[in-house]
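Atoms within a ligand are numbered from 1 in the order they appear, just like the ligands themselves. Along the sequence shown, residues carry numbers from 1. These values consider heavy atoms only, across backbone and side chains, with no hydrogens, waters or symmetry-generated copies. Here the structure is a predicted model, which is why all the values come from computation and not from measurement.
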Amino acid sequence: MSGGWDALPLLEELLEGIETSYPDWYLPTAIQEEAIPLILGGGDVLAAAETGSGKTAAFSLPILQLVVEHYRDISEKKQAEKTKKAQAGLEATVPFSLSLVDRDSAMSIASGGLCCQTRLEKKWSGVRCTSGVTEGSHYFEVTCEDEGIVRVGVSSSVSRLELGKDSGSFGYGGTAMKVNKNKFEKFGKPYSKGDVVGCFFSVNRGKVGVGWTVNGEDLGGEVFNVEVPEADMGAGIFPTCAMKNAQCTFNFGKADFKFKPPEGYGKFCNCEKIDNPKKAGEDAEGAEGGAAGKSGGNGPLAIVLEPTRDLAEQTYNTFVGLAQNLKTPAVTSALLVGGVSPKPTLELLKQNKVDVLVGSSVIIHDFIKQKKVNPARCKFFVLDEADQLCEKDNVDKVKGIFDKIPSKTNDLQVCFFSATLHSDPVKKLVAEICNKPTWVDLKGKEAVPDTVHHCVVRVDPSFNFGDLVLTKGGLKGQSIRDFVKTDAVHRKYGKMEEVVEWEEMDEKDKMSEKLKAGKPIALIRLIEQLEMEQVLVFCRTNLDCDNLEKFLNAAGGGDKYGAYTCCVLAGMRSMQDRRRNLENFKAGNCRILIATDVAARGIDIGGLPYVVNMTLPEQSENYIHRIGRVGRAEKMGLAISLVAKQGVKEKVWWCQNKKKPPQFDRRLFEEGGNCRWNDEGRQLHDVEKRLGGLKVTELVLPELKLPQEIEDILKGGGFGAMAGSDASNPELALHLEQLAGDVKDLGVLEFNLQTNWLRGMRREQGGEGGEEVLADMKLTAHASTGFAG
Ligand SMILES: Nc1ncnc2c1ncn2[C@@H]1O[C@H](COP(=O)(O)OP(=O)(O)OP(=O)(O)O)[C@@H](O)[C@H]1O
């Protein structure tokens, strides 16, 4: 049982996006419940679930969230960095402490700003005080708290932190050496852990004098007294230390000194200070991040591949719909498919505004090759309808794209989605591009929704189709056969030059041709008998689609009120045509959508009741995808396949070389031509095997005898209605009856409450006029609850 959308770890804005764009998605589907947390958790995911089970949202929701989280992460890191730097800037200006910015990065400063430490053994790390002087005589102390080498002294604000290297820098180290201008001289005595080094110094009109004490012992007064060139003086002279693997604590005089300063030198903290000019730098990156929180290179963060342009467009629309309420940051999706100008997307890509790029594998591959899409930043790679993407022509493109993504550095997450993921090519690609993927297999091999009923109608070509007349449409009363147009594979009904007369054909060819002519007629009988409001019809080839369209138009196409209005969704049509046709069909302006496998895979047409296969698909996987256009989102669907009567075969075009039909060679493929006998028996066997049994119904023209369970559904809610909404369902009917009683009781209760309250009011006010209101209320109650108060 679903825990609801709230049980999924999705952002509030995405839940709002669902509510706004898809108000009828009351609960997540099973694949959404399984896949969303997995994808959000990171790692590669392979998800197989039945057609129409909501797989698109199962990957688009988590991908959108991961994109948002990626940007928020960057934003947060920048914010933290900024805060750290701001903090550092603040503390860097606290007077008489060790600067958090004027220091080497290996030098850490403890809170309080007086204790410093470095663990580098081979390299000097230094730090200067936040305050300095340009005048006067001053004293400070440094206590050594650790083994390691310490060098204590003063330096100008422009000197290097490695004390003693410049002319304005003076140091005395634990190895008993003093240093200025990088000149080391033996001096004083060694000091180390536990010793207190005092530094007394004077600055007077560009002259700097420096001397040291160890544990209170003066080592000889100002042992340096030198003129410092103005350019090396910077802003002034600052207490400084440099160390290797050591720790020490400064005392600028705020606490009592351990040893008295030499005569004439005051507490450094009492000086007329100048501030260390080195402040926390501006955070250029942080400024760029801004409210949108977007940065980190160009190119899309997610690439979603689809096998066809129509599907890519559909998935792109889902991304846009679900991302509606994402504002901080907003997530931009873009589409890149053939047949649609790429300009707007390329412009967005140029401006580095594309977060999710959805497109067909071929086109995205081309644009990557042309360097117009940069996959360098891609972190999420989704293969929808993955089994089709693994087919011969596609798989090289997919691999080509994958190879260009720096998968290791980007920690790339790869997701495969499809109704059928068990083929060898899929397994091979998974092994090549996935890293220990998690499987979500909700249906195993038979990823078919329970809401789809299957039915095979045997077409007997020996039936005299010429006797059938149309009962509807503009040609009502006329024989149908005159309008049937076949693919001319037998030359009888086509407009080919070498017409072969019917009498010249052998029996096998005649049967095949009659079968071809019989199937569109059977389709019309089905549409009429089942009173199909809408149906999606699959044909083998573009040519078959064209011919069926012509036949249906002749039989009664026309506008949306025509008996057999139809439009085509096939690969040979332009993108604009396909889009318009699909929209027309979805809007209910046309009854029959004729499609090829390539065009209709994954297409989502809400509540579609019927699919008819004019011929079975070559691969049984495609049967799953075809029939998956119905029975979506828990709606009932019926899939009917027109299959020849046993023993009869249909000759079909077999175009391996992609020649256009007029150039087709009608000889069989084995003889060097472009034809072959379609093996429907084998195809049916494959489908039956995949589904675990199919109901075969013999076609009896003009009446079709439908299986009882289909008749039952037709008498109940019908196909296209929600599963379980069948009014003949006695349990449901009982439940509705009980509910109706409760609703009625509630209405009575509310009515009584309100009338009593009104009567009370009336009595209080000494009462005129209340009766009218009561009468009014009674009317309202009648209207809303259907009973008298
Ligand atoms: N949680 C949900 N509740 C109700 N309907 C949903 C839900 N999620 C998705 N849908 C709807 O279900 C239908 C099928 O969704 P989708 O196209 O994502 O299916 P699919 O599993 O990708 O199918 P296919 O394998 O055919 O491509 C769509 O109309 C979609 O709007």
Side-chain angles (χ1 to χ4, degrees), residues 1-8 10 14-15 17-36 46-64 304-308 310-322 358 382-389 415-421 426 440-443 446-452 536 538 569 582 585-586 595 597-609 611 621-637 639 720 722-725:
M1 190 66 200
S2 173
W5 288 109
D6 290 343
L8 290 173
L10 284 170
L14 283 172
L15 297 178
I18 297 172
E19 220 170 292
T20 322
S21 302
Y22 302 101
D24 57 340
W25 292 9
Y26 302 113
L27 292 170
T29 63
I31 188 66
Q32 290 161 359
E33 284 197 315
E34 292 279 334
I36 290 172
L46 310 179
E50 63 196 28
T51 49
S53 55
K55 291 191 286 296
T56 317
F59 61 78
S60 42
L61 281 166
I63 294 295
L64 283 168
V304 180
L305 298 186
E306 298 283 349
T308 64
D310 311 75
L311 257 185
E313 192 166 313
Q314 188 173 288
T315 299
Y316 160 77
N317 287 333
T318 306
F319 268 98
V320 173
L322 291 172
V358 184
V382 180
L383 277 68
D384 189 23
E385 305 290 344
D387 61 322
Q388 200 179 346
L389 288 172
C415 300
F416 278 53
F417 274 78
S418 184
T420 47
L421 281 180
V426 172
V440 184
D441 192 352
L442 293 188
K443 274 272 183 157
E446 278 58 63
V448 178
D450 300 333
T451 44
V452 180
L536 171 60
F538 281 98
L569 200 71
L582 184 62
F585 186 70
K586 281 185 176 176
D597 276 324
V598 179
R601 181 188 260 250
I603 291 293
D604 182 45
I605 304 157
L608 181 68
V611 162
E621 282 102 303
N622 279 344
Y623 180 86
I624 309 295
H625 289 285
R626 283 183 179 187
I627 60 99
R629 301 314 99 210
V630 296
R632 299 171 80 75
E634 298 297 307
K635 305 257 172 66
M636 299 295 282
M722 281 302 279
S725 69

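Of the polar atoms of L27, at least one N or O is found under 3.5 Å from an N or O of ligand 1, judged by distance alone. In terms of polar-atom proximity, Y26 is not counted as a contact of ligand 1, lacking any N or O under 3.5 Å from an N or O of the ligand. Between R632 and ligand 1, at least one pair of N/O atoms sits closer than 3.5 Å. Polar contact check, A419 against ligand 1: no nitrogen or oxygen pair lies under 3.5 Å apart. Residue G606 has no nitrogen or oxygen atom sitting less than 3.5 Å from a nitrogen or oxygen atom of ligand 1, judged on distance alone. For T56, a nitrogen or oxygen atom sits less than 3.5 Å from a nitrogen or oxygen atom of ligand 1, counting backbone and side chain alike. Checked by distance only, ligand 1 and D604 come closer than 3.5 Å through their nitrogen or oxygen atoms.
Listed here is the closest heavy atom pair of I36 and L10: CG2-CD2, 3.8 Å.
By the criterion of a heavy-atom distance under 4.0 Å, the backbone of E50, and not its side chain, is placed next to ligand 1. By the criterion of a heavy-atom distance under 4.0 Å, both the backbone and the side chain of S53 are placed next to ligand 1. Contacts with ligand 1 closer than 4.0 Å are made by heavy atoms of both the backbone and the side chain of K55. Contacts with ligand 1 closer than 4.0 Å are made by no heavy atom of T318, backbone or side chain.
Legend: residues meeting side-chain hydrogen bond (donor to acceptor under 3.5 Å, both in side chains) with E385, ordered by chain and number and at least two apart, are R601, H625. For T315, the side-chain hydrogen bond (donor to acceptor under 3.5 Å, both in side chains) partners are E306, not counting sequence neighbours.
A donor-acceptor contact shorter than 3.5 Å links the side chain of R629 to the backbone of I603. Without hydrogens or angle criteria, Q314 side chain to D604 main chain gives a donor-acceptor distance under 3.5 Å. Using a distance-only test at 3.5 Å, with no hydrogens or angles considered, a donor-acceptor pair links the side chain of W5 to the main chain of W25. Panel note: side chain K55, backbone A48; no donor-acceptor pair is recorded below 3.5 Å. The backbone N or O of G606 lies less than 3.5 Å from no partner atom in the side chain of K586, so there is not a single donor-acceptor pair.
Relative to atom 10 (N) of ligand 1, the option among F59, W25, F417 with the closest non-hydrogen atom is W25.
Atoms of ligand 1 found under 4.0 Å from any heavy atom of G52, numbered from 1 in the order shown, are 14 (C), 19 (O), 20 (P), 21 (O), 23 (O), 24 (P), 25 (O), 26 (O). Applying the 4.0 Å criterion to heavy atoms of T29 picks out, from ligand 1, the atoms 1 (N), 2 (C), 7 (C).
The distance from atom NZ of K635 to atom CG of L608, rounded to the nearest 0.5 Å, is 10.5 Å.
Judged by the shortest distance from any of its heavy atoms, H625 lies outside the 4.0 Å radius around the atoms of ligand 1.
A side-chain contact (heavy atoms from CB on, under 4.5 Å) with E313 is found for exactly one of L311, N317, D310, namely N317.
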